[in-house]
Number of protein chains: 2
Amino acid sequence: MPGKLFRGSSPRSIDPKGRLMLPPEFRDVLVARSDAGGFMLTTYDGCLVAYPQPDWDSFEEQLNRLKSSSRLVRDFKRLVLGGAEEHVCDNQGRIRLSKSHLDYAGIGKDIVLVGQGSKFEIWDQTRFSEVTSQNFDGLAEELSESGIDLPI
Amino acid sequence: MPGKLFRGSSPRSIDPKGRLMLPPEFRDVLVARSDAGGFMLTTYDGCLVAYPQPDWDSFEEQLNRLKSSSRLVRDFKRLVLGGAEEHVCDNQGRIRLSKSHLDYAGIGKDIVLVGQGSKFEIWDQTRFSEVTSQNFDGLAEELSESGIDLPI
DNA sequence: AATATAGTGGGGAAAAGTGGGAAAAGGTGG
DNA sequence: CCACCTTTTCCCACTTTTCCCCACTATATT
């Protein structure tokens with residue numbers, strides 16, 4: 001599916017008028033994947049997750065196909081669908097995060113944009129460094145028991 | 001099925017006269033789905049659930065088709081049918097929640113309106129953050145066992 | 001040095017949001 | 001059954017925020 005992918009992270013900050021500029025690399029990927037360059041931003045794992053429009057559409061369709069008979073599924077949809085907002089950059093490549101997004105992601109002023117292949121994420125800087133400073137030995141071990149040996 | 005969907009959440013509050021303003025995006029979806037913009041609001045999962053008139057009508061029809069032979073079905077109808085109230089926004093896009101709705105949803109002053117595709121929900125802020133701060137890893141795993149791999 | 005691209009700042013129109021006055025409706029007590 | 005009081009509704013006017021665009025500075029590239 002994918003040609004261009006979101007990769008790498010860029011530290012950013014929110015300007016006095018509340019605007020956040022996306023790195024040009026990400027903007028390029030966005031226009032490559034959906035020609036208008038629009039994307040959806042939703043909430044998960046304490047950060048904001050951005051999907052180019054076409055990817056979001058199929059994701060949403062999957063969500064709507066899920067049977068809503070269990071409370072857990074309904075709550076999951078509340079988080080993901082309820083967190084979804086459409087975004088388009090202005091002429092300078094900036095967006096404005098909503099109050100509830102800032103809130104959910106605990107975003108103060110310093111931000112990291114993190115490429116994740118077909119999507120990217122927006123993190124509060126402090127939260128992100130907590131995530132990345134974890135010890136992953138447990139996982140590596142678990143994987144190696146399933147015969148997966150990562151070249152780390 | 002339809003084009004415009006309810007998405008995203010907006011934090012709101014009830015004004016001194018007891019009025020709650022719907023976000024413009026939601027109002028747009030309402031008029032798109034039912035041209036008068038009227039909707040039904042009922043009670044479930046500890047929140048208020050809003051259905052555009054046409055969606056409600058077919059929902060209600062399904063409910064009425066249910067055999068009322070079990071107590072559980074009757075109680076369910078008591079909750080859902082008994083909790084249903086019709087609403088129309090005023091010129092500024094505001095509605096007034098009834099005492100029993102405020103009560104059922106445990107609504108104090110701070111509220112979140114949550115888009116859920118073809119419907120939206122009204123939550124007390126505190127209750128809603130409990131919902132969204134859950135850990136959904138169990139669900140993700142369960143889904144992936146049924147062959148559904150969400151792009152989260 | 002010149003040109004293109006990245007990044008910053010801000011003005012101003014339009015939309016969103018707030019508050020309140022006054023009419024209508026509904027409820028209560030005599 | 002009527003008069004009075006309270007609550008609700010409807011609409012107008014004001015304030016605040018958001019959005020869209022333009023202009024400027026800085027950085028990089030050839």
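In what follows, chains are A, B, ... by sequence order, proteins preceding strands, each numbered from 1.
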request  = Sugar-phosphate atoms are those with a prime plus P, OP1 and OP2; base atoms are the rest. Using that split, label each nucleotide of nucleotides 25-30 of chain D B, S or - for protein heavy atoms under 4.0 Å, 5' to 3'.
outcome  = ------

[N] [atom2] sits how many Å from [X] [atom1], rounded?
X: Asp28(B); N: dA15(C); atom1: CG; atom2: P; value: 12 Å
X: His101(A); N: dT18(D); atom1: NE2; atom2: P; value: 15 Å
X: Glu86(B); N: dT9(D); atom1: CD; atom2: P; value: 13 Å
X: His87(A); N: dC19(D); atom1: NE2; atom2: C1'; value: 13 Å
X: Leu97(A); N: dT17(D); atom1: CG; atom2: P; value: 18 Å
X: Lys109(B); N: dT18(C); atom1: NZ; atom2: P; value: 9 Å
X: Arg94(B); N: dT8(D); atom1: CZ; atom2: C1'; value: 13 Å
X: Ile95(A); N: dC20(D); atom1: CD1; atom2: P; value: 13 Å

inquiry  = dC10(D), OP1 or OP2 - any side-chain N/O from Asn91(B) closer than 4.0 Å?
reply    = no

query = Going by modelled atom types, is there a donor-acceptor pair between the base of dC22(D) and the side chain of Gln92(A) at under 3.5 Å?
reply = yes

Those residues of residues 9-24 of chain B lying under 4.0 Å from DNA chain D by at least one heavy atom = Lys17(B), Arg19(B)

request  = Would you indicate what Arg96(B) reaches in the nucleic acid, counting non-hydrogen atoms under 4.0 angstrom: base, sugar-phosphate, or nothing?
outcome  = sugar-phosphate

ask   = Does Glu141(B) CD have over 12 foreign heavy atoms under 6.0 Å away?
value = no

Under 4.5 Å between any side-chain heavy atoms of [X] and [Y], yes or no?
X: Asn64(A); Y: Leu66(A); value: no
X: Pro23(B); Y: Leu113(B); value: yes
X: Arg33(B); Y: Leu5(B); value: yes
X: Arg27(A); Y: Met21(A); value: yes

With a cut-off of 3.5 Å and sequence neighbours excluded, list every side-chain donor-acceptor pair involving residues 37-50 of chain B.
unit_1	atom_1	unit_2	atom_2	d
Thr42(B)	OG1	Val80(B)	O	2.5
Thr43(B)	OG1	Leu79(B)	O	3.0
Asp45(B)	OD1	Arg74(A)	NH2	3.0
Asp45(B)	OD2	Arg74(A)	NE	2.6
Asp45(B)	OD2	Arg74(A)	NH2	3.3
Asp45(B)	OD2	Arg78(A)	NH1	3.1
Asp45(B)	OD2	Arg78(A)	NH2	2.9

remark   = d(Leu139(A) CG, Asp137(A) CG) to nearest 0.5 Å is 9.5 Å

inquiry  = As an exercise, state the distance from CG of Leu30(A) to CZ of Phe120(A), rounded to the nearest 0.5 Å.
reply    = 5.5 Å

task = Compare every heavy atom of Val73(B) with every heavy atom of Lys67(B), then report the nearest pair and how far apart it is.
result = O-CG1, 3.4 Å

